Structures are given as C-alpha cells and as structure tokens.
Chemist: 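A single structure is presented below for examination.
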4 protein chains.
Amino acid sequence: MEKMDRRVRRTRAMLGQALRELILEKPYDAITIQDIADQADLNRATFYLHYASKEELLMDSLEAQFDALVTQIEGEKNGRPMWESPVTGRIIFEYVAENAALFKVLLGAQGQGYVMYRVLNYIAQVDEEEIQEAFGPNALPVPDVILARHFAGSLFALVSWWLEHDMPYSSTYMAETVHQLCAVGVMPMLVGMGAAWPVNGGEWPTA
Amino acid sequence: MEKMDRRVRRTRAMLGQALRELILEKPYDAITIQDIADQADLNRATFYLHYASKEELLMDSLEAQFDALVTQIEGEKNGRPMWESPVTGRIIFEYVAENAALFKVLLGAQGQGYVMYRVLNYIAQVDEEEIQEAFGPNALPVPDVILARHFAGSLFALVSWWLEHDMPYSSTYMAETVHQLCAVGVMPMLVGMGAAWPVNGGEWPTA
Amino acid sequence: MEKMDRRVRRTRAMLGQALRELILEKPYDAITIQDIADQADLNRATFYLHYASKEELLMDSLEAQFDALVTQIEGEKNGRPMWESPVTGRIIFEYVAENAALFKVLLGAQGQGYVMYRVLNYIAQVDEEEIQEAFGPNALPVPDVILARHFAGSLFALVSWWLEHDMPYSSTYMAETVHQLCAVGVMPMLVGMGAAWPVNGGEWPTA
Amino acid sequence: MEKMDRRVRRTRAMLGQALRELILEKPYDAITIQDIADQADLNRATFYLHYASKEELLMDSLEAQFDALVTQIEGEKNGRPMWESPVTGRIIFEYVAENAALFKVLLGAQGQGYVMYRVLNYIAQVDEEEIQEAFGPNALPVPDVILARHFAGSLFALVSWWLEHDMPYSSTYMAETVHQLCAVGVMPMLVGMGAAWPVNGGEWPTA
DNA sequence: TCCTAAGCGAGACGGTACGTCTTGTCTTCCA
DNA sequence: TGGAAGACAAGACGTACCGTCTCGCTTAGGA
C-alpha cells in the first residue's frame, strides 16, 4: 500500500469521479482526456501526471470497487461454496444494480472489449479457486478451468442481458435462476461421476 | 440483393481482405484507414466511398462468413435441437479453429466490445428461436431468453478461453463438454418440471 | 524553379502575408503558429504541411524580396562597382525604408539572430564577388573576405541604426556617407599599394 | 552596488557558470531553465528566485566580463584614441579569442539577436564617447553617431567572421587590419575637411 | 464506335485529439 | 529564511488521423 500525497489522492479521485460521470453522459469512445480534465476541474497535463490513458484511469477506478465487492462476498457466504447457495450471485446482482448505469455502458452494446475480457476472466478466476478449494485440483470429470469458465460465462451473459433490458427481474430471482442453471442438476451429476467423463472414457484429451 | 459494379465488389473484397490481414499483424486499434487502403493498394478516399468506418467494413466482412456458418449448421443437424446432440457445438468450434487467429484478436484480451456483444447476442438469438420452436414460447420454468442467454454465455466463454489458450483440447471434446454442462442434467430437469419454478411457486416475477 | 499547385502557392502566400502582419503587431517571439494560421484563415495543421517552423516561413518569405532587390541593383548600377558610386547603397536604403517597420523588428533590439546573421553574410558575399570580379582573387593587400566583411558590417550597422532611430536622414545622405566611409579614402589606398600590406611586410599570415 | 547574502551570490554564480557550460554543449534555444538548474545542482524554483529568464541571467553573467574588459582597455591604451593605434582592437580580439567558444555561439549562425544588438550598440557607444572626447561633439563632417556606428559595425562583422571561421588569422593581424580599414585613410580625410561634407555643402540634413 | 457517367488516384485542407514539453506559481517541509 | 521537492495551471508544440473536397485520369457500358 503505497503512501501518497494527500493532494495526489484527491486529484486521482477527482479524475475517477469525472470519468464515471462522463460515461453516463456520452459514448465512452467520445470522451476525451480534455473532457475528463474539464469535468474534474483540472488541467489536461495533470491527467498525464497520473495516468497514461483513459483505460488506465478506468481500471484504477474500478479496481477499488471490485476489491470491496469481493470482501463483502467473502464475509456473507460463510464458507459455503457458491454452488450450494445463490447468495454469492445475489450480492453480485445487487451490486450491479447499484451501479447499473455504469455497467450497462461498460458491458453493453458499446462496451469496451478489454473491460468485458477482464470481468469475465476475473469471475472465472474466482470460481476456479473456489472449485479447487472444495474438491482439490481437477478432481471432477471436467477440467476446473472449463467448469469455472462455464459458470463465469453464464453469469456474465445474464448480467449483461439483465442490464441491457433494464433489470426486468429482481436480483434475487436472477441469482436463483443462475444458481439453478449452473449448480442444481449439474454439480450433482459431476460429483457423482468422480473424475470420469463419459465422452472419452474418463481420460482428458490434451489436444 | 443490390446489383453492383464488378469493380465495386472487387474493391470491397480487397478492403475486407486487407483488414483481415492487418488484424493478424497489429493491434486492431492501431490499424488506420490509411493502413487498410495501403494494404489494399487503394486510395484512402476510396475507402470512404464504400464504408464509413473500420467497424462497418469489419461487420460487412464478417457477416458473409456467419451466414455461411449458419447455413452449414442448419444442413448438418437435421432438425434435431442442439441440446440433444453436440453437433452444433462441434461445427462452431471447428469453424472457430479455422479462423483462430482472427477470432482470437476479436474476442480476446484486446478484443472489440461491439464484436463480442454482437456475437453473444447472435448466439443467444439463435438459441432462443430454437427453444421456442421445440417447446413453444415460455413453456419451460425459466424464461426462454434467460435460458438462451445462459447457453450463449457458456459457449462464448468457452470459445474465447479456448482461443486464448491456443486450443488445448479438440473441437470435439469442447463440443461434448459444453453439451454436457448446458444440456445433460439441465434440460431434463427443466422439462420435467413443466413451467413451474421452485423459487417463487411457479410464477415469473416481472420486476 | 519547381512547379506548384496554384492552391499551394496561394496558401504559402497567405502564410507569409500573415506573418508579416503579425510581426508589426506583436513581438516576434510571442507569435505562435496558431496566430499565423488564424491570421491567414488557415488551419494550424496546414501550416505544417508547408513549413517546419516560423523561421522557415520567414526565410522563404524574405528570399523572394531579396532576389528582387538584387535584380534591381544589378540593373541600375550598369556594371560600375559599388565603391565607385553610392547608387547601390541608395537602392538598399530606399528598399529598407519601404519595409521599415518589418526590418526594424527583424534587425532591431528584439531582432532575430539568425536573420541578422544571414543578412550580414548575404551582403558580404555579394561584396566579395564584386571585389573579385573587379580585381581578381586576393589582388589587394587585404584578403577579399575581410574587405567584403568590413563593407557589409558598416552597411549593416548603419542600416540598423537608421531604422532604430526612425530614419533621421535621407536615403541619399546615408548612401553617400557609407560610400565616403567605406570607399573614398580606403579604396585608393588599397589599390595604390598593390598586394602589399605594411603590417607584416606584404605577406598574409595564415594563422 | 547592492549588498548580498554570500549564499545568494554563490547561487547566482553557479547559475551563470551552468549557463556558460551549457551554451558550449547545446544550441542556446534548446537550453531550458531546468537544464540550468540541473547543471548548477539547484532546484528549478530557485532559479526564479534570482532571475526572470535565461536572458536576464545571461546578461547579468556577461556584464561583469565586459566591465573588466573595458577597464583593461582603458588602462592599456594610455589615453591615445583608438584610431591612432590598433591596441584597443588587439585587446578585444584577444579577449574574444579567450572566450571563442562562447562568443561563437552568441554571435554566430544561431546567435541571439538581442545579444548581437547590445554588443553592437555597446561598441558604438564607447566609440562615440571617444570621438567626442577627442574632437568635441559633431566637429567632424560626419555625425559622430554614424562614424561610431561605422567603426562598430566593421569591428563586429570582422569579429564574428573571425570566430565563425575559427580564427584563421592572429589577433594582431586582425587588429592591424581593422585599424587600417577604419582609421588610416579615413580619419585624415575627415579631420582634414573640418565639419564640412561635400555631399550637401557642409550642412547635415535632418530628414 | 463514341461518349459519358462512374470509379478511382492524388493530395490539399479543416478539424480534433493526442502526448509532450516548458514555464511560472504555489505549497510543504527541511536545515 | 533560503532552498528542495514536486504538484499543478497554462498553453504551445509537432504529430496523427479523420472526413471532405476538388481535380484530373481511365474505363466500362449504353447510345
């Protein structure tokens, strides 16, 4: 945790704040560094003292929030893996709902590829770690990575659809549904089979 | 189908070809209209006679390929819905493999948001139509849109992961796996329940 | 003499004109490329299509005028060397007077070093050629370069003084005076001595 | 003569020293305040505590040297006016030679206009005073200012030429030559004529 | 077969954003 | 109290790309 000048922290916060405000106002690609500086009441050159690009600022600004979210989830789920209860999903959908306007832009029709990519990856990573903690590495008939990616893909797709359609269902309902589709029916099947997989007689191909 | 000058068709083909080649050479965002024109041995102004932007060209160029893919799938699956056999998935993974370098860029770490968005949407759309043809509209305990989106999300996530890791498994294996995770275990559960859904006593919430 | 697009010539002319106007309005160093572009009703980027710097534009713009001046002098002096008549000087002083405001800035207190340098060099060069045409190379007791430089220095100093003090004497008087100081009394002395020079017994030192 | 803190004097000396060193290393215009501060191992802000600009520092730094030079000349020439002996010129050329690298930059191709201007003016001023001390004000057939300016221009032009060509002749030779060209032949002519001047019958025009 | 409209090359230009560079001011803290 | 350290405003710089335009050449397809 690097020590920073109070002014520096304040300046960066203002830049992040400014970017978030602008994202809600106009297409992301149409936002210039000058716009951000103006919105933050700072000089354009000052932006470059802190960030090399819009992207860097956005990521820096999003990271803190994600960290907080993960911490919250860790606290609430009490050690139970996510496939046993929809609570993790619920917290995520609620968090998304709170920042709906922002994420709708970032993940939607004019979303940014690298944001989508990193969000998807991030979810998959967390899922994979949870799977391995529960069963040990590759103890299931599907490679952990693939299973995690399957979970993440489903969650990502449902979240983005939900946002794009202005959250037509409750967070709770969405969480229950994704839980049903990903966990109920699938996990028992996998766990029951052990590390066997019917398609090729229990061996994982490597190419 | 508009009639076009032979020259015009040829010019557009050269532009599409040029863009595809450049995508394999350098980051998509770093490709300029001038680059495309140079690569296609055309004048920059000529580009604007045909397209308003890189994106338009890219979409125009991708559409033909997607159309051909859909046609092929329709032909091979013989009317059987995709959740009864992994053949649809296999064709898709094979198609992706053939254009691996291109899609790796478009869907990967430095991918383009609008491409990802449209691909995901496209898959979900096709899936939804197929579900409705098989069961009628919203005859299952999960809204068709959501189920379709779940399928699409999983497929998308696995495809992009597969590309990003240079296709460590065979197309067949990937298809079997996504089939197992999305269909086997899930579809019987849904079909068996009729249009009922345990979480809220069989009624769909609307907000 | 390179052939140029009519538009290009027009654009350059407008830039030159703009710079001249601005020089009369504000300190040369305070003139920005943007100022010039604005004054010429052109885009700043357009400036860079033609010149790399203010300096380049200024020189390009001055050269034409100097060429015209030299041509005029050649015509009027009828082959007689400048030390036999003050006509050359008169034409120069008259020309300077016509562009007094401009040259006052360029050669005066806030003048530009490289302009002064080139003007001084230019005069010396012309003088040297004239000396050599009249007497042959180094036929006088002073090296041609030095004599030419002496003439040029005197002329330059008197012109800049004259401008700085808002031309207190007539062009004719100034020309007569510089002729008297440089030619009358000095040239006969040099020519009479042949290639001998008292200070070191007639030999030129080389270091 | 203002009293100054020892530290302040030291700081200024270091700044002057730094600028002199840098002038020998890179084009004058390319030297930034930051460069000077770095070279002097001082903070940039400190520069502004003492000078408002590079120019001010340069002038402050040069002035001391010029003062010393004038003092030396006064001492050596023993009251004899410069047109009676080349000693003044010799001292100047020797002084220039000692600081050749510096003056070559300041007075040469990429020299600074305001330096040239002030040097030229300074010489002319000294010359004019000397003329007036010897003959009384405007006792010669040429205005004192003009005669002084003629001397100064010649000296300046020869010095700058000499530097630019890496001092191909000795200081002594240069001094003798400039003396010959400016004084011998010219001064007797002027003094002999009294305050009369052939071009306009002895009256000085005023415009 | 001509001729005429279209496609295209060439390149000037306006416009906009970029990232960098200096400059000058300020504040905070240290010796 | 002079100076170090460094954040910041201000604004010019030179570059890059975009989209539009004009001016010609050429070339194919209808007269």
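Keep in mind that what you see is a predicted model, and the values were worked out from it rather than measured. Side-chain atoms are counted along with the backbone in the values below, which use heavy atoms only and exclude waters and symmetry mates. Throughout, protein chains are lettered first and strands after them, A, B, ... in sequence-line order, and every chain is numbered starting at 1.
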Chemist: Give a yes or no on this: more than 12 heavy atoms of other residues, nucleotides or ligands lie within 6.0 Å of atom CZ of B:R118.
Modeler: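 For B:R118, atom CZ is not crowded (no more than 12 foreign heavy atoms under 6.0 Å).
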
Chemist: Closer than 4.0 Å, any side-chain N/O of A:T32 to the OP1 or OP2 of E:dA17?
Modeler: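 The answer is no; no side-chain N or O of A:T32 sits under 4.0 Å from OP1 or OP2.
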
Chemist: Could you work out which one of E:dC8, E:dT25, E:dT20 sits closest to the side chain of B:L42?
Modeler: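 Among E:dC8, E:dT25, E:dT20, the one nearest the side chain of B:L42 is E:dC8.
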
Chemist: DNA chain F: B:A45 or A:D41, which has the more 5' nearest nucleotide?
Modeler: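 First, find each residue's nearest nucleotide; the 5'-ward one identifies A:D41.
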
Chemist: Closest to the A:T11 side chain: F:dC8, F:dC13, F:dA9?
Modeler: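 Taking heavy atoms from C-beta onward, the closest nucleotide is F:dC8.
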
Chemist: Starting from the 5' end of DNA chain F, give me the residue, C:I31 or C:N43, whose nearest nucleotide shows up first.
Modeler: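 Comparing both residues, the 5'-ward one is C:I31.
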
Chemist: Out of E:dG19, F:dT20, F:dG14, which nucleotide sits closest to the side chain of C:I33?
Modeler: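 So the nucleotide nearest the side chain must be F:dG14.
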
Chemist: How many whole angstroms separate atom CD of A:Q34 from atom C1' of E:dT16?
Modeler: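 Checked: the CD to C1' distance equals 11 Å.
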
Chemist: So do D:H50 and D:D60 actually touch side chain to side chain, heavy atoms under 4.5 Å?
Modeler: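 SC-SC contact between D:D60 and D:H50 ruled out.
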
Chemist: Any donor-acceptor pair under 3.5 Å joining the side chain of D:R44 to the base of E:dG24?
Modeler: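 Present.
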
Chemist: Any side-chain N or O of B:H50 under 4.0 Å from OP1/OP2 of E:dC8?
Modeler: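 B:H50 to E:dC8 OP1/OP2: side-chain N or O found under 4.0 Å.
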
Chemist: If I take atom CG in residue A:D35 and atom P in nucleotide E:dA17, what distance separates them, rounded to the nearest angstrom?
Modeler: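 Going from CG in A:D35 over to P in E:dA17 covers 7 Å.
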
